[in-house]
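Inspection log for the structure reproduced underneath, given as structure tokens.
Since the structure is predicted, the reported quantities are computational estimates derived from the model, not experimental observations. Each ligand, and each atom within it, is numbered from 1 in the order the structure gives.
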Amino acid sequence: MKIGVLALQGAFVEHIARLRSLGVDAVEVRLPEQLGDLDGLIIPGGESTTIGRLAVEFGLVEPLRQFAQQKPVWGTCAGMIFLAKDIGIDRQPILGVMDIVVNRNAFGRQIDSFETDLHIGPIGDIPFHAVFIRAPLVMEVAEGVDILAQLEDGRIVAVREGHLLATAFHPELTDDDRLHRYFIQMIEKA
Ligand code: GLN
């Protein structure tokens, strides 16, 4: 199995390291032709405006869109923003492949980052310690989108729509590898 990590900007190194520790052939992706032989792709957290701008510059937007229509893709944080259909802003380039409405800086300036334990059904009963950094929130989901995790007040922070996965937090920054394992299983079953 070969998984790519979009390596334009952000926390791609950590995702690569985690995938390799799980025995996966993981590669950095910067060019459209590198998508050809991948079984899945992770779009990391970082700054979604920068990732979008560089994706346009490198001719990656349409190839990424086509890839995401066919193969498993997981967006974390800025990656979640990049996957969404609606982020309430027209100027910023996004793939628009996941039927979710996302608010980019949903926690405002006062709460820059925080950590909390989440219940994520498909990975088991033990809570997942989640790190949020200038995190987005999922404001609306269409039919066919499964909600995988919510904050205590009900706000949505992880979703899955078929072969697409999105998390508002940074699973690559903690030792818990269950979400990476879950994504690998999604690819195995795809
Ligand atoms: N707020 C950032 C953005 O708009 C996302 C932050 C992150 O990925 N940690 O892209």
Side-chain angles (χ1 to χ4, degrees), residues 3-19 26 28-30 40-58 60-61 64-65 68 72-118 120 128-141 145 147-151 153 155-161 164-180 182-183:
I3 302 181
V5 181
L6 189 65
L8 301 176
Q9 188 266 340
F12 55 88
V13 172
E14 292 84 350
H15 276 294
I16 299 249
R18 177 61 48 82
L19 290 170
E28 296 181 3
V29 173
R30 292 189 184 85
L41 179 78
I42 293 178
I43 304 177
E47 177 51 50
S48 61
T49 51
T50 308
I51 292 172
R53 185 169 45 75
L54 292 171
V56 170
E57 224 166 89
F58 292 156
L60 270 164
V61 175
L64 284 172
R65 205 170 270 150
V73 178
W74 174 18
T76 60
C77 206
M80 167 192 258
I81 298 166
F82 201 49
L83 286 176
K85 274 210 172 125
D86 184 348
I87 58 168
I89 311 161
D90 288 338
R91 303 171 265 117
Q92 182 178 336
I94 49 173
L95 297 184
V97 289
M98 249 186 129
D99 218 343
I100 52 176
V101 179
V102 167
N103 181 357
R104 259 190 71 198
N105 288 302
F107 296 93
R109 285 208 191 135
Q110 288 86 345
I111 309 172
D112 194 52
S113 57
F114 65 97
E115 301 183 13
T116 191
D117 285 340
L118 295 174
I120 307 177
F128 189 92
H129 190 72
V131 179
F132 291 79
I133 304 167
R134 288 184 295 285
L137 266 180
V138 180
M139 310 305 285
E140 281 173 48
V141 297
V145 179
I147 295 170
L148 301 187
Q150 290 165 279
L151 298 175
D153 60 12
R155 290 185 287 177
I156 303 165
V157 291
V159 289
R160 175 172 173 180
E161 183 180 13
L164 302 174
L165 176 68
T167 51
F169 47 94
H170 282 263
E172 77 287 5
L173 298 183
T174 48
D175 288 337
D176 198 332
D177 59 17
R178 285 178 294 160
L179 274 172
H180 286 81
Y182 177 67
F183 184 57

Indicate every side-chain donor-acceptor pair of residues 73-86 with a distance under 3.5 Å to a residue at least two apart or in another chain.
residue: Trp74; atom: NE1; partner: Thr167; partner atom: OG1; Å: 3.1
residue: Thr76; atom: OG1; partner: His15; partner atom: NE2; Å: 3.3
residue: Thr76; atom: OG1; partner: Gly45; partner atom: N; Å: 3.2
residue: Asp86; atom: OD1; partner: Gly88; partner atom: N; Å: 2.8

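- Residues passing the ring-ring contact (aromatic ring centres under 6.0 Å, His included) test with Phe132, sequence neighbours excluded: Phe114, Phe169.
- A cation-pi arrangement is present between Arg30 and Phe12, with the terminal nitrogen or guanidinium carbon under 6.0 Å from the aromatic centre and inside a 45° cone about the axis.
- By the salt bridge (charged side-chain N to carboxylate O under 4.0 Å, His left out) test, Arg104 is found to be paired with Glu47, residues two or more places apart in sequence or in another chain being considered.
- Residues Val145 and Val138 have side chains not in contact (no heavy-atom distance under 4.5 Å, counting atoms from C-beta outward).
- The CG atom of Leu148 lies 10.5 Å from the CD1 atom of Ile156; values are rounded to the nearest 0.5 Å.
- Using a heavy-atom distance under 4.0 Å as the criterion, the protein contacts of ligand 1 are Gly45, Gly46, Glu47, Ser48, Cys77, Ala78, Ile81, Arg104, Asn105, Ile133, Arg134, His170.
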